[in-house]
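Every value quoted in this text rests on a predicted model; they were computed, and no experiment measured them.
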Amino acid sequence: MGAGKMGSFFIDLLSFDHEVAVYEKDAKRLRFTYNCQRFTSLEEIRGFEPQLVINAVTVKYTLPAFEEVLPALPQDCIISDIASVKTNLKEFYEQAGHPFVSTHPMFGPTFANLNQLSEENAIIISEGDYMGRIFFKDLYQKLGLNIYEYTFEEHDKTVAYSLSIPFVSTFVFAAVMHHQDAPGTTFKRHMKIAKGVLSEDNYLLQEVLFNPYTHDQVSQIRDELKELLAIIDNKDAEGMKGYLAKIRKNVFE
């Protein structure tokens, strides 16, 4: 479901070994799909009788898309999502009446080289259907991804750390920056990251930051900034030396 960036990626990935169809309401997006059947109605889905559905719509519409398509699915069809934010998904799956599998490929077309993913990671939720988990594990292994199995709760905690800190740091950079006629290399790299993050859907950014585990992570940023500002205000050379040693240890060890 969904022929956006990640949906198209999975279509390309699966279409040479499986019979694949894509359901997309925006017919214009279907122009960029190939080697698959292209559906715009639920009746077409009923006729296709899928064994597995991968919900690749934007986070805001993940649950509504599931609710729309469920009546058209065979009872034994495995339903799955690749959402980076799992809010309310566990509760939905528990009452959906279908086997399910939930995964999070922790990369996206914005930054990742989709032809070389050996340095990228994927999470498979351990609470899902066994055969669904095996399917995605095999798929992600073929891509060379590093695979981790977490519960829904463990996933949310991981996302709070791995996404909220970079997102908030980027927000702060973007909030105080101004364009420069001759930017240095470091500035340009930060700017590239900021443009990538801020090109994401508003709802996705919101839900990552509204994750119940995000607050404590953002509070750490505030505390570190307070400590660093005190060192700067006092021109504390020894304090700066110690601070740099601490953060280098975090990065390089």
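Cluster membership for L209 and L163, using ILVMFWY side-chain heavy atoms within less than 4.5 angstrom, is shared. Linking Ile, Leu, Val, Met, Phe, Trp and Tyr residues whenever their side-chain heavy atoms come within less than 4.5 Å leaves I134 and L145 in two separate clusters. Hydrophobic clustering (side-chain heavy atoms under 4.5 Å, transitive across Ile, Leu, Val, Met, Phe, Trp, Tyr) groups F135 together with F9. Hydrophobic clustering keeps Y213 apart from V218 (ILVMFWY residues linked when any side-chain heavy atoms are closer than 4.5 Å, directly or through intermediates). Taken together through direct or relayed side-chain contacts under 4.5 Å among Ile, Leu, Val, Met, Phe, Trp and Tyr, L30 and Y34 form parts of separate hydrophobic clusters.
Between Y243 and the options E224, E238, R248, a side chain to side chain donor-acceptor pair (under 3.5 Å) holds for only E224. Evaluated for a side chain to side chain donor-acceptor pair (under 3.5 Å) with H155, the options E127, K90, K86, H104 yield exactly one hit, H104.
A donor-acceptor pair is defined here as one N or O able to donate and one able to accept, closer than 3.5 Å; such a pair exists between the side chain of H98 and the backbone of C77. Between the N121 side chain and the M106 main chain, no donor and acceptor come within less than 3.5 Å of each other. Looking at S8, its side chain does come within 3.5 Å of a backbone N or O of A3 through a donor-acceptor pair. Judged by distance alone, the side chain of N234 and the main-chain N or O of D236 form no donor-acceptor pair under 3.5 Å. Distance alone, capped at 3.5 Å, places no donor-acceptor pair between the E94 side chain and the E91 backbone.
Taking the side chain as every heavy atom from C-beta outward, T185 and R189 approach each other to under 4.5 Å. Taking the side chain as every heavy atom from C-beta outward, D129 and F100 never approach each other to under 4.5 Å. Between L73 and I79, some side-chain heavy-atom pair lies under the 4.5 Å cut-off. Looking at heavy atoms from C-beta onward, Q37 lies in side-chain contact with E19 at the 4.5 angstrom threshold. Side-chain atoms of I123 and T103, non-hydrogen and from C-beta on, never get closer than 4.5 Å to each other. Two residues are said to be in side-chain contact when any heavy atoms from C-beta on lie closer than 4.5 Å; Y148 and I124 fail this criterion.
The number of heavy-atom neighbours closer than 6.0 Å to OH of Y161, taken from other residues, nucleotides and ligands shown, is 12 or below. Counting heavy atoms of neighbouring residues, nucleotides and ligands inside a 6.0 Å radius, atom CZ of R46 exceeds 12 of them. M240 CE: more than 12 foreign heavy atoms inside a 6.0 Å radius. Around CG of N202, the count of heavy atoms belonging to other residues, nucleotides or ligands within 6.0 Å does not exceed 12.
Aromatic pair F187/F173: ring centres closer than 6.0 Å. Ring to ring, F66 and Y93 are close: their centroids are under 6.0 angstrom apart.
Closest non-hydrogen pair, V22 versus G2, comes out as CG2-O, 4.1 Å. Closest heavy-atom contact between S84 and V159: O-CG2, 3.7 Å. Smallest separation of non-hydrogen atoms from Q75 and G97: NE2-O, 2.8 Å. The heavy-atom pair separating S41 from Y23 by the smallest distance is N-CE1, 3.6 Å.
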Apply the test side-chain contact (heavy atoms from CB on, under 4.5 Å) to residues V197 and F171: give CA-CA distance (whole Å), side-chain angles for both, the deciding distance (0.1 Å), then the verdict. CA-CA 9 Å; V197 169; F171 290 177; 4.2 Å; yes

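A donor and an acceptor atom, one from each side chain of T214 and Q217, are nowhere located under 3.5 Å apart.
Listed by first then second residue, pairs satisfying salt bridge (Lys or Arg N to Asp or Glu O under 4.0 Å) with a partner in residues 149-170 read R133-E149, E153-K157, not counting sequence neighbours.
Between K25 and E68, at least one side-chain nitrogen of the basic residue sits less than 4.0 Å from a carboxylate oxygen of the acidic one, meeting the salt-bridge criterion. For the pair E227 and R222, the salt-bridge criterion is not met [side-chain N within less than 4.0 Å of a carboxylate O]. Between R31 and E24 there is no salt bridge, since no side-chain nitrogen of the basic residue lies less than 4.0 Å from a carboxylate oxygen of the acidic one.
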Only distances under 3.5 Å count here; give the side-chain donor-acceptor pairs of residues 50-62 to other protein atoms, sequence neighbours excluded, each with its distance to 0.1 Å.
from: N55; atom 1: OD1; to: V57; atom 2: N; distance (Å): 3.3
from: N55; atom 1: ND2; to: T62; atom 2: O; distance (Å): 2.9
from: T62; atom 1: OG1; to: T58; atom 2: O; distance (Å): 3.4
from: T62; atom 1: OG1; to: V59; atom 2: O; distance (Å): 3.3

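Every residue meeting the side chain to side chain contact (heavy atoms under 4.5 Å, CB included) condition with L225, not counting sequence neighbours, appears here in chain and number order: I221.
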